[in-house]
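Every number for a ligand or one of its atoms is a count from 1 in the order of the listing. Keep in mind that the numbers below use all heavy atoms, side chains included, and drop hydrogens, waters and symmetry copies.
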Amino acid sequence: MRLIVIGGDAAGMSAASQARRRLGPGELEITAYERGEYTSYSACGIPYWVGGLVDGPDGLIARDPAAHRDNDIDVYTGHEVTGIDLKARTVTVHDRAESFDHLMYAAGATPVRPAWADTPARGVFGVQTLGDAAALQKWLEPGRDSAVVIGAGYIGVEMAEALQRRGLRVTLVERSGQPMSTVDPDMGALVADAIRGLGVVLRTGVTVQGLETDGGRVRAVVTDDGVLPADVVVLGLGVRPNTALADAAGLPLGVTGALATDLRQRVTGPDGIVDGVWAAGDCTQVTHLVSGRPSHIPLGTHANKQGRVAGINIGGGYATFPGVIGTAVTKICDLEVARTGLSSKEAEAAGFRFVTATVESTNRAGYFPGAVPMTVKVIAEKDTGLLLGAQIVGRAEAAKRIDAFAVAVWNRMTVTEMTALDLGYAPPYAPVWDPILIAARKASDAL
Ligand SMILES: Cc1cc2nc3c(=O)[nH]c(=O)nc-3n(C[C@H](O)[C@H](O)[C@H](O)COP(=O)(O)OP(=O)(O)OC[C@H]3O[C@@H](n4cnc5c(N)ncnc54)[C@H](O)[C@@H]3O)c2cc1C
């Protein structure tokens, strides 16, 4: 039996490693193709590498090809798979046909790159791969003073901070009215304050129209509200599932344009499961367990779990990936931002009737050294009291508090049930009423 893996990062190599744990080389030959230079790398660490907080690229690589080969997984970097023949059960790579019994499609996502960004001019960067980040690092030599980051999602916000740390004058441009549109506008306003507090110029409600270039270099970003000088431009406009190869091969795509899978990560379409074809990570759609809707939420945490599930199943075991609840965390300087479940906008779009409750509290007992403010917002279904979502913005110890909410959303708790949760308390860690409990209580009262 032979497993071919397309894509050598989180999803693909998790699948390969799990399959190998269950089946020896005599039972399953595993070959992984990666078009880039690196395997099992952390794109999540790129902003911290660029910002000088961590070393890269080596520090961001969990397992290089040699480590995978030691584990009896054949890895070929610099090898792009250019075709899949489902009938012949082969993939094309470097003009050769390679046969498979199982195919693991883990090609990730493709950054959104509008036509105006397709310029041969130097100085315009995406930050999807370690190669992108290395090219950006090389460009950031002395004399590059001004940067424009386009798109204020979490990657754009993290990159704006990184470039600011590197001493550049940074402008962050966002078409919508707030940064981090994954949180509600009132919480986004707190993020906007933090971005501005850092010295980054934040321009919301501004649309980019093009780039000005000169002598093969980018010089400025042209917007509907003026021209912004730029020695470096970073694109953070989001990603789309990288499914062109799958689509060309006739694999069915889900409603989000990503590959749909069953709970065991087998590619699934209107005609049922596609035999022996598996998919995981940013190229797949997931079920949002609160809205019940198919969604595309490209995150490393999902890619690793889905890859693991696919690998266990390929290796003859049994595992499932039930879906996601939209948990995510990030930070801007020392401001931590977290969310889980549905935002107000998402709850509305999903047809829920709901109440919200927002509380201001602190991370520790108010009298304890280091106590800093924290804002917690809770969204609960009106008729049932079910916790639909929560958001937290605050400084120390704010972000990971979201995990308690995530467990509550996952287990379909009501906010009233949450008020009795036995959470840890001591003055260095929380006020006697943890902000989570205060927010749940306020939502329960509102109901
Ligand atoms: C700057 C940044 C910060 C991030 N921060 C976070 C974070 O804090 N938390 C979080 O959960 N997620 C974060 N993410 C998202 C996370 O990195 C991705 O969700 C995760 O890497 C997805 O894993 P994947 O294996 O599905 O896809 P990828 O990591 O994109 O891997 C797919 C691989 O397939 C290769 N490939 C594609 N097509 C082919 C082909 N035809 N042939 C051969 N190889 C091919 C690509 O080169 C790529 O290496 C961040 C992403 C970025 C860019």
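Within the 4.5 Å cutoff, side-chain heavy atoms of Thr39 are placed close to those of Thr77.
Comparing Cys44, Ala303, Pro241 by heavy-atom distance to atom 7 (C) of ligand 1, the nearest is Cys44.
Proximity of Asp282 to ligand 1, defined as any heavy-atom pair under 4.0 Å, is shared by backbone and side chain alike. Proximity of Asn242 to ligand 1, defined as any heavy-atom pair under 4.0 Å, is confined to the side chain (atoms from C-beta onward). The proximity of Ala106 to ligand 1, defined as any non-hydrogen pair under 4.0 Å, is limited to the backbone. Counting heavy atoms closer than 4.0 Å to ligand 1, residue Met159 contributes nothing at all. No part of Thr129 comes within 4.0 Å of ligand 1, judged by heavy-atom distances.
The protein atom (non-hydrogen) at minimum distance from atom 53 (C) of ligand 1 is Val127 O, 3.1 Å. Here the protein heavy atom with the shortest distance to atom 29 (O) of ligand 1 is Asp9 OD2, 2.4 Å. Of all protein heavy atoms, the one lying nearest to atom 25 (O) of ligand 1 is Ala11 N, 2.9 Å. In terms of protein heavy-atom proximity, atom 34 (O) of ligand 1 is closest to Gly7 CA, 3.2 Å. Protein heavy atom nearest atom 36 (N) of ligand 1, with residue, atom name and distance: Arg35 NE, 3.8 Å.
With sequence neighbours left out, Arg122 forms a side chain to side chain contact (heavy atoms under 4.5 Å, CB included) with Trp139, Arg217.
Across all non-hydrogen atoms, the minimal contact from Ile84 to Ile6 is CD1-CD1, 3.9 Å. Contact detail for Ala390 and Ile402: the closest heavy-atom pair is O-CD1, 3.6 Å.
Residue contact check for ligand 1: Tyr38 places no non-hydrogen atom closer than 4.0 Å to it. Heavy atoms of His302 stay at 4.0 angstrom or farther from ligand 1.
Residue Gly281 has at least one heavy-atom neighbour below 4.0 Å for each of these atoms of ligand 1: 26 (O). In summary, the atoms of ligand 1 found under 4.0 Å from a heavy atom of Thr301, numbered by their order in the structure, are 11 (O). Atoms of ligand 1 found under 4.0 Å from any heavy atom of Ile6 (numbered from 1 in listed order, with element): 40 (C), 42 (N). Close approach of ligand 1 to Ala10 is summarised as follows: ligand atoms under 4.0 Å from at least one heavy atom of the residue are 23 (O), 25 (O). Each of the atoms 41 (N) of ligand 1 lies under 4.0 Å from some heavy atom of Leu245.
Enclosure of atom CG in Asp193 by more than 12 non-hydrogen atoms of other residues, nucleotides or ligands within 6.0 angstrom is indicated.
With hydrogens and angles left out, the side-chain atoms of Asp184 and Ser344 include a donor and acceptor closer than 3.5 Å.
Here's the thing with Ala280: none of its N/O atoms is less than 3.5 angstrom from an N/O atom of ligand 1. Annotation: Tyr154 places an N or O atom under 3.5 Å from an N or O atom of ligand 1; distance criterion only.
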